[in-house]
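Source: prediction; values computed, not measured. First the proteins, then the strands, lettered A, B, ... as listed; each starts at 1.
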Amino acid sequence: MKRTKIKELLNAEAALDPVLVKGWVRTKRDAKSFSFIELNDGSCLANLQIVAAGELANYDEIRHLTTGAALSVQGRMIASQGAGQKWELQAQNLVLIGSSPDTYPLQKKRHTDEFLRTIAHIRPRTNKYGSAFRIRALLAHAVHQFFNDRGFFYIHTPILTASDCEGAGEMFRVTTLSPQIDNIEEDFFGVEANLTVSGQLEAEMMALALGDVYTFGPTFRAENSNTRRHAAEFWMVEPEMAFCDLKEDMAVAEDLVRHLVRTVMDQCPDDLNLFARFVDKQLMPRLEKLVGTCFERLPYTEAVKILETAAQDFEYPISYGADLQAEHERFLTETYFNGPVIVYDYPETLKPFYMRLNDDARTVAAMDVLVPGIGEIIGGSQREERHDILASRMDRMALSREKYWWYLESRRYGSVPHSGFGMGFERMVMLLTGIVNIRDVIPFPRTPKHIDF
RNA sequence: UCCCCAGUAGCUCAGUCGGCAGAGCAGGUGGCUGUUAACCACCGUGUCCGUGGUUCGAGUCCGCGCUGGGGAGCCA
């Protein structure tokens, strides 16, 4: 007999007989001569209530079932006689698949996130983390759906690379040499190789052939960042669009955010509700605001003016030419506008070489999407498509023309205006769940000094 | 990398002024005619993070170290 997932059973319109379910015991309550077992199989947040009567042949074994044990239960699903759930399963045959000794670390009570991080192999079995990872999966699917619906092609860019996309951020070195050998020519690639910090440069090449493309893959930063918003390994979504200017780029970014929020609200109401109730009381109002209002847009120059005249003391002073600090971004999106904001046209000196120089020759066509609670969730730009301007900008930033010869060459043959952006996938999961630590939205997070599991 | 905070039972925590190491949950046993983080009774549990010091006496005060967390920087 084929097993039925609990999600399907709980959504059933009518009683079913017989059914087979398999899952893990979340909790058990005993009456005098029978027991209630809450069984969860991960298909949804809710448990299925199993009623195990004292007449069952192995009832003595059932009586000793512990939290975490794996079961196979066959029986009939009927309308529940108790309040609190629509359906329950009256067990006719209950088999213990895997027992769970009393050292099982999860209990039917709240644990701290810090403790659960030390048992990352077990924590997906909790309500909160189960919901977070189901939402994460749906979100990944929604990313593909969004781009596929708009005629974008999903492309794969290299994980191993010899190029440093932005000249910013420490990279993880990849080598097959033993530590004593320092002759790079003997290394696997014969040159210094690293894990990618962005697929953008390669994605541009693909956009200049396929039109609209996107990448969605892992990214690696060796920065010694110890914050709740940074991980050494994270996932990034990077669309790249030919014949697209900054304005259209911003429109796609806004549409993407809105699509992702709406999809999760529509398709994960139960999981989302857990976060709205127990993690962040302001979650639903914030999400509704994200789908319901247009993102505020303002040039960097105006953002600086607002910050300069703000009735608020900042730790870091702000003036034209200074980068926006976390406190400045937070003020704009959380206090001044109280909603999503896109800041664009940043001073040329603040941004990487590939961003397109504006006509004022002082700013580049860059944009950052800022959201309450997270800060920067998307960063993008129109790319410099004019060969000579790009080349001279690379010279000024001391980047080797030889090393990026292929990137420059794309500007020689049929170069066109094109734009793109990068969206931190984990930050989107944080935005959607109210989870404040990136280590809690990645099943097995990697941060400095942490690579267990 | 810098600044700040914390570390007590398997877990979550309390521990007053420096004076006998505590509770709830989890686990065990028994009870309960349908429970909802079930409930009731009883039972066990400690390198008080480590180390050095002050003191008649340190979980408590001081130094150093380790681990965890928060903030900043960097960024997504």
Side-chain angles (χ1 to χ4, degrees), chain A residues 26-38 46-54 63-68 78-85 88 90 100-119 122 126-127 165-170 197-200 218-238 253 278 314-316 323-327 329-330 350-352 368-371 374-380 421-431 436-442 447-450:
Chain A
R26 278 296 170 79
T27 180
K28 175 173 69 78
R29 296 178 290 270
D30 296 321
K32 186 174 187 178
S33 59
F34 62 101
S35 300
F36 297 102
I37 299 162
E38 295 281 339
N47 304 319
L48 178 66
Q49 175 163 286
I50 310 288
V51 183
R63 199 78 187 179
H64 287 88
L65 284 176
T66 51
T67 307
I78 59 166
S80 177
Q81 296 171 38
Q85 60 280 314
E88 67 187 23
Q90 292 205 315
S100 177
D102 62 17
T103 49
Y104 184 64
L106 294 180
Q107 299 166 15
K108 41 187 175 183
K109 65 164 193 139
R110 199 187 161 276
H111 290 286
T112 59
D113 293 324
E114 290 79 9
F115 170 68
L116 292 169
R117 266 172 231 151
T118 68
I119 51 165
I122 301 289
T126 63
N127 286 340
C165 179
E166 312 190 19
E170 293 296 309
V197 294
S198 168
Q200 183 199 313
T219 304
F220 308 89
R221 303 277 166 94
E223 286 293 335
N224 187 18
S225 294
N226 290 285
T227 83
R228 58 187 178 83
R229 295 182 306 281
H230 293 87
E233 177 181 308
F234 64 98
W235 285 61
M236 196 152 62
V237 178
E238 296 181 289
F278 301 117
F314 295 111
E315 191 187 338
Y316 291 83
D323 213 350
L324 298 185
Q325 302 292 322
E327 57 176 343
E329 295 181 348
R330 224 178 301 121
L350 295 179
K351 294 293 184 180
D368 285 347
V369 180
L370 312 176
V371 292
I374 308 289
E376 183 182 340
I377 195 162
I378 285 175
F421 60 82
M423 181 190 81
F425 186 65
E426 280 76 17
R427 290 192 179 174
M428 184 55 72
V429 180
M430 292 165 75
L431 178 69
V436 294
N437 197 313
I438 198 168
R439 291 174 276 232
D440 299 331
V441 297
I442 304 176
T447 53
K449 301 278 186 281
H450 292 91

**Report entry** Parallel, tilted or perpendicular, as decided by the 30° and 60° cut-offs, for the rings of A/F34 and A/F36
**Finding:** perpendicular

Separation between the [atom1] atoms of [N] and [M], rounded to whole Å:
N	M	atom1	value
B/C4	B/A23	P	37 Å
B/C5	B/C42	C1'	41 Å
B/G53	B/G10	C1'	33 Å
B/G71	B/C64	C1'	25 Å
B/C20	B/C25	C1'	26 Å
B/C74	B/C61	C1'	39 Å
B/A6	B/G24	P	27 Å
B/C56	B/U45	P	34 Å

Any idea which of [options] is nearest the [X] side chain?
X	options	value
A/D323	B/C75, B/G69, B/C32	B/C75
A/R63	B/G69, B/C32, B/U12	B/C32
A/Q90	B/C32, B/A37, B/G34	B/G34
A/R117	B/G28, B/G69, B/A37	B/G69
A/S225	B/U33, B/A38, B/C74	B/C74
A/H64	B/C13, B/U29, B/A38	B/U29
A/R228	B/G68, B/G71, B/U36	B/G71

May I ask you to say what [X] touches in the nucleic acid, namely base, sugar-phosphate or nothing, with a heavy-atom cut-off under 4.0 Å?
X	result
A/H111	sugar-phosphate
A/E88	base
A/A326	sugar-phosphate
A/R229	base
A/G82	base
A/F36	base
A/D113	nothing
A/T227	base
A/Q81	base
A/F34	base
A/I374	nothing
A/Q49	base
A/T103	nothing
A/Q85	base

Report summary line: Ranking A/N226 and A/I78 by the position along RNA chain B of their nearest nucleotide, the one closer to 5' is A/N226

**Report entry** Given RNA chain B, 5'-ward residue of the pair A/P105 and A/T67, judged by closest heavy atom
**Finding:** A/P105

Requested in this report: Answer yes or no: does a side-chain N or O of A/R439 lie under 4.0 Å from OP1 or OP2 of B/G70?
Outcome: yes

Query raised in the report: Under 4.0 Å between a side-chain N/O of A/R29 and OP1 or OP2 of B/U35, yes or no?
Result: no

I'd like to know if the side chain of [X] reaches the main chain of [Y], judged simply by a donor and an acceptor atom lying under 3.5 Å from each other, with no hydrogens or angles considered.
X	Y	answer
A/R26	A/E38	no
A/S100	A/T66	no
A/E327	A/Y316	yes

Requested in this report: Work out which heavy atom in A/S80 is nearest to a heavy atom in A/E88; give both atom names and the distance.
Outcome: OG-OE1, 2.9 Å

[X] side, atom [atom1]; [Y] side, atom [atom2] - distance, nearest 0.5 Å:
X	Y	atom1	atom2	value
A/T126	A/L106	OG1	CG	6.5 Å
A/E376	A/M423	CD	CE	12.5 Å
A/E238	A/T219	CD	OG1	6.0 Å
A/H450	A/T118	NE2	OG1	10.0 Å

In the strands shown, is [N] matched to any nucleotide by a Watson-Crick or G-U wobble pair with both distances under 3.5 Å, and which?
N	result
B/G59	none
B/A23	B/U12
B/C74	none
B/U67	B/A6
B/U29	B/A41

Query raised in the report: What is the distance from CD of A/E376 to P of B/C75, rounded to the nearest Å?
Result: 9 Å

Query raised in the report: Between A/R110 (CZ) and B/C25 (P), how many Å, whole number?
Result: 18 Å

Requested in this report: Using only heavy-atom distances, decide whether a donor-acceptor pair under 3.5 angstrom links the side-chain of A/Q107 to the base of B/G10.
Outcome: yes

